[in-house]
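Computed from a predicted model, the values in this text were never measured in an experiment.
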Amino acid sequence: MTMEEFYQESLGLSQPWQVGRVELDKKAGRVDIWLVHPDRVRWQCPCCKESLGVYDHIPERVWRHLDTCEYRTYLHARLPRVSCAKHGVVQVRAPWAEGDTRTTVAMESRCIDVLKECDVEGAGRLTGAGWGVLWEVLERAVARGQRRKKRYLPEYLGVDEKSFAKRHQYETLVVDLRRKTVEYVGDERKETSLREYFAGFSVKARARVRVVAMDMWDPYIAAVRKEIPGGEDKIVFDKFHVLGQVSEAVDAVRRQENKALVKEGDDTLKGTRYLWLSAPEHIPEWRRSEFEALQMKDLKVGRAWAIKENLRQLWICGSEEEAESFFQHWYGWARRSRLAPVVKAAGTLKHYLGGVLRSVSHRVTNACIEGINSKIETIKKMACGYRNREHFKTVIYFHCGGLSLYPSKTG
Ligand SMILES: [Zn+2]
């Protein structure tokens, strides 16, 4: 078998394409394959499928293909153009690639596989494709998925803000809580960031929304009130964000107390941030006794922590009524703590109590929001924070959009 025959077989070329010539450069570690077609072949106009003769050929193009035996492999071809009465002079499609790509369909699919598992730098090392090519693959995959996707407004929504770059830039994420997919990424975290999303749907579709789970963030609340019929009663402040409010208060107490202790030469609280903020089940075995010892001490942060942990019982309550009476007790305790950040957080929860209590009857939303959040944190860590807004969006849609990303077999 010659190299030409080998590639003719393994590339699975469709008629009338054939392998004309193969060049192997062992030193450079690459194989170049020239694809040709016989003369006097009829071609289809890509727009109307009309069968036509060759008008002319465009200059040679090169596509990166899957490696063969660790040799970087490239396809070369001059694509014919046809002259269609309806569509003018148009270039025919290459069956091995989609549109203007620099990679074959097979290579592009491989890149998508690898990009699903690691970041762009890692994918570059594993596939040998450059940074620019991989970003093109990402962007095209997302655009392809969005084109194929049927537009709909989910009944159970989650709205969240995500910071990127150096913290002060935000994106607004809309999540389908049932499918666990990110449906929309809007710029900033303003009222309009969310209203723009709802504006894309009819009033009838918006009326079908049952739950919008979110953080206690007034611009989002305003957007839901204005755009969703009966929106006020559909807002749910989920467990993740409610506990988040109180956790921030615990952290503020810890910082203040640590500062005061350090001044007296006491570093009891040094390196303990993680312990106070984690769910107890996430604290590693080897730090448990250290944490228990800290809890025995008469620390302000210890009291704040106990108040936070007690609040978890809200979501064990069997009804909103039961939850409300639990909350009133908890609120009294938090107030009496006289720890300013805790008192303030408790006041915030009381102010938004309706939505907090609704999270008790919509428990299913809680786990999903936490799941999506941790997924996005992982994505952020993977690329050490995206500095570019558009790149951040693309990657979120790529990993969390539930999109059909792969190119179809023939372009
Ligand atoms: Zn045509």
Practice prompt. Report the C-alpha distance between Y71 and D25 in whole Å, list the side-chain angles of each, state the deciding distance to 0.1 Å, and finish with yes or no for side chain to side chain donor-acceptor pair (under 3.5 Å).
Written response: CA-CA 9 Å; Y71 287 97; D25 186 338; over 6 Å; no
Worksheet item: After noting the C-alpha distance and the side-chain angles of R225 and E232, does the key distance pass the salt bridge (Lys or Arg N to Asp or Glu O under 4.0 Å) rule?
Response: CA-CA 5 Å; R225 278 188 186 143; E232 176 76 46; 2.4 Å; yes
Discussion item. Evaluate Y7 against T73 for side chain to side chain donor-acceptor pair (under 3.5 Å), listing each step before the verdict.
Written reply: CA-CA 11 Å; Y7 280 107; T73 304; 4.6 Å; no
Item to complete: Assess whether side chain to side chain donor-acceptor pair (under 3.5 Å) is satisfied between W276 and T272, documenting all intermediate values.
Response: CA-CA 7 Å; W276 303 109; T272 65; 3.0 Å; yes
Worksheet item: Passes side chain to side chain donor-acceptor pair (under 3.5 Å), H362 versus D238? Steps please.
Response: CA-CA 8 Å; H362 292 288; D238 58 278; over 6 Å; no
Worksheet item: Yes or no on salt bridge (Lys or Arg N to Asp or Glu O under 4.0 Å) for R389 and E171, after CA distance, side-chain angles and deciding distance?
Response: CA-CA 8 Å; R389 197 184 275 282; E171 293 291 324; 2.3 Å; yes
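To the nearest 0.5 Å, the span separating NE2 on H65 from CG on L75 amounts to 6.0 Å. Atom OG1 of T104 is separated from atom CZ of R110 by 10.0 Å, given to the nearest 0.5 angstrom. Atom CZ of R179 and atom SG of C400 lie 12.5 Å apart (nearest 0.5 Å). To the nearest 0.5 angstrom, N373 atom CG is 4.0 Å from F240 atom CZ. Atoms CG and OG1, from D67 and T127 in turn, are 8.5 Å apart once rounded to the nearest 0.5 Å.
The aromatic rings of H391 and W135 sit parallel, their planes meeting at an angle under 30°, below the 60° perpendicular limit. Classified by interplanar angle (parallel below 30°, tilted 30° to 60°, perpendicular above 60°), the ring pair F327/W330 is tilted. Taking the six-membered ring where tryptophan is involved, the planes of Y197 and Y184 are tilted, since the angle between them lies from 30° to 60°.
The shortest distance between side-chain heavy atoms of D267 and L261 does not fall below 4.5 Å. Under the 4.5 Å side-chain criterion, counting only non-hydrogen atoms from C-beta, V246 is not in contact with V342. Contact of the K297 side chain with the T268 side chain is registered, since non-hydrogen atoms from C-beta on lie closer than 4.5 Å. For the pair R81 and V92, the minimum side-chain heavy-atom distance is 4.5 Å or more. A 4.5 Å side-chain heavy-atom check between P59 and R78 finds every atom pair outside the cut-off. Residues V360 and E324 form no side-chain contact, since every pair of their non-hydrogen atoms from C-beta on lies 4.5 Å or further apart. Counting only heavy atoms from C-beta outward, the side chains of K239 and V242 never approach each other to under 4.5 Å. Side-chain contact check for H76 versus I33: every heavy-atom pair is 4.5 Å or farther apart.
The backbone N or O of G122 lies less than 3.5 Å from a partner atom in the side chain of D119, making a donor-acceptor pair. In this structure, the side chain of R148 engages the main chain of S404 through a donor-acceptor pair within 3.5 Å. Within the 3.5 Å criterion, the main-chain N or O of E321 finds no donor-acceptor partner in the side chain of S325. A side-chain donor-acceptor contact under 3.5 Å links E4 to the backbone of V22. Listed for the T101 side chain is a donor-acceptor partner under 3.5 Å among the backbone atoms of T103. Distance alone, capped at 3.5 Å, places no donor-acceptor pair between the Y156 side chain and the V175 backbone. Using a distance-only test at 3.5 Å, with no hydrogens or angles considered, no donor-acceptor pair links the side chain of R72 to the main chain of V31.
Electrostatic pairing of E136 and R102 counts as a salt bridge here, judged by a charged N lying under 4.0 Å from a carboxylate O. A salt bridge does not link R151 with E183: none of the charged nitrogens is closer than 4.0 Å to a carboxylate oxygen. Between R93 and E98 there is no salt bridge, since no side-chain nitrogen of the basic residue lies less than 4.0 Å from a carboxylate oxygen of the acidic one. A salt bridge is absent between E320 and R358; no separation between the charged side-chain nitrogens and carboxylate oxygens falls under 4.0 Å. Of the charged side-chain nitrogens involved, none lies within less than 4.0 Å of a carboxylate oxygen, so that E264 and K259 do not count as a salt-bridged pair. Salt-bridge formation is not detected for the pair R208/E155: no Lys NZ or Arg NE/NH1/NH2 atom is positioned less than 4.0 Å from an Asp or Glu carboxylate oxygen. R195 and E227 are joined by a salt bridge, as a carboxylate oxygen and a charged side-chain nitrogen come within less than 4.0 angstrom of each other. Taking 4.0 Å as the cut-off between side-chain N and carboxylate O, E377 and K162 count as a salt-bridged pair. Taking a cutoff of 4.0 Å between a charged side-chain nitrogen and a carboxylate oxygen, K308 and E248 do not qualify as a salt bridge. Between D187 and K393 a salt bridge is recorded (basic side-chain N to carboxylate O distance below 4.0 Å). The pair D176-K180 fails the salt-bridge criterion, with no side-chain N (NZ, NE, NH1 or NH2) lying under 4.0 Å from an Asp/Glu carboxylate O. Using a 4.0 Å cut-off between charged nitrogen and carboxylate oxygen, R254 and E257 do not count as a salt-bridge pair.
When all heavy atoms of V343 and S337 are compared, the closest pair comes out as CG2-OG, 4.3 Å. In terms of heavy atoms, C48 sits closest to C84 at SG-SG, 3.8 Å. Taking each heavy atom of R288 and E281 in turn, the nearest pair found is NH2-O, 3.7 Å. The nearest pair of heavy atoms linking L294 to L299 is O-CD1, 3.6 Å. When all heavy atoms of D215 and F237 are compared, the closest pair comes out as O-CE2, 3.5 Å. Residue Y331 comes nearest to A346 through the heavy atom pair CE1-O, 3.6 Å, listed as atom of the first residue, atom of the second, then distance.
M296 CE: 12 or fewer foreign heavy atoms inside a 6.0 Å radius. More than 12 heavy-atom neighbours from other residues, nucleotides or ligands sit within 6.0 angstrom of CZ on R61. The environment of CD in E70 is sparse: at most 12 heavy-atom neighbours from other residues, nucleotides or ligands sit within 6.0 Å. Counting heavy atoms of neighbouring residues, nucleotides and ligands inside a 6.0 Å radius, atom CZ of R64 exceeds 12 of them. Enclosure of atom CZ in R335 is not indicated, since only 12 or fewer non-hydrogen atoms of other residues, nucleotides or ligands lie within 6.0 angstrom. Annotation: K344, atom NZ; neighbour count of heavy atoms from other residues, nucleotides and ligands within 6.0 Å does not exceed 12.
No hydrogens or angles considered: a donor-acceptor pair under 3.5 Å links the side chains of W315 and S359. For the residue pair S247 and Q245, no side-chain donor N or O sits within less than 3.5 Å of a side-chain acceptor on the partner. Counted by atom type alone, S193 and Y220 present zero donor-acceptor pairs between their side chains at under 3.5 Å.
For R189 and Y170, the positive end sits near the middle of the six-membered ring, less than 6.0 Å away and at most 45° from its axis. With a 6.0 Å cutoff to the six-membered ring centre and a 45° limit on the axis angle, R30 counts as a cation-pi contact of Y74.
The distance between the ring centers of H37 and W43 falls below 6.0 angstrom. For Y352 and W217, the gap between ring centers reaches or exceeds 6.0 Å.
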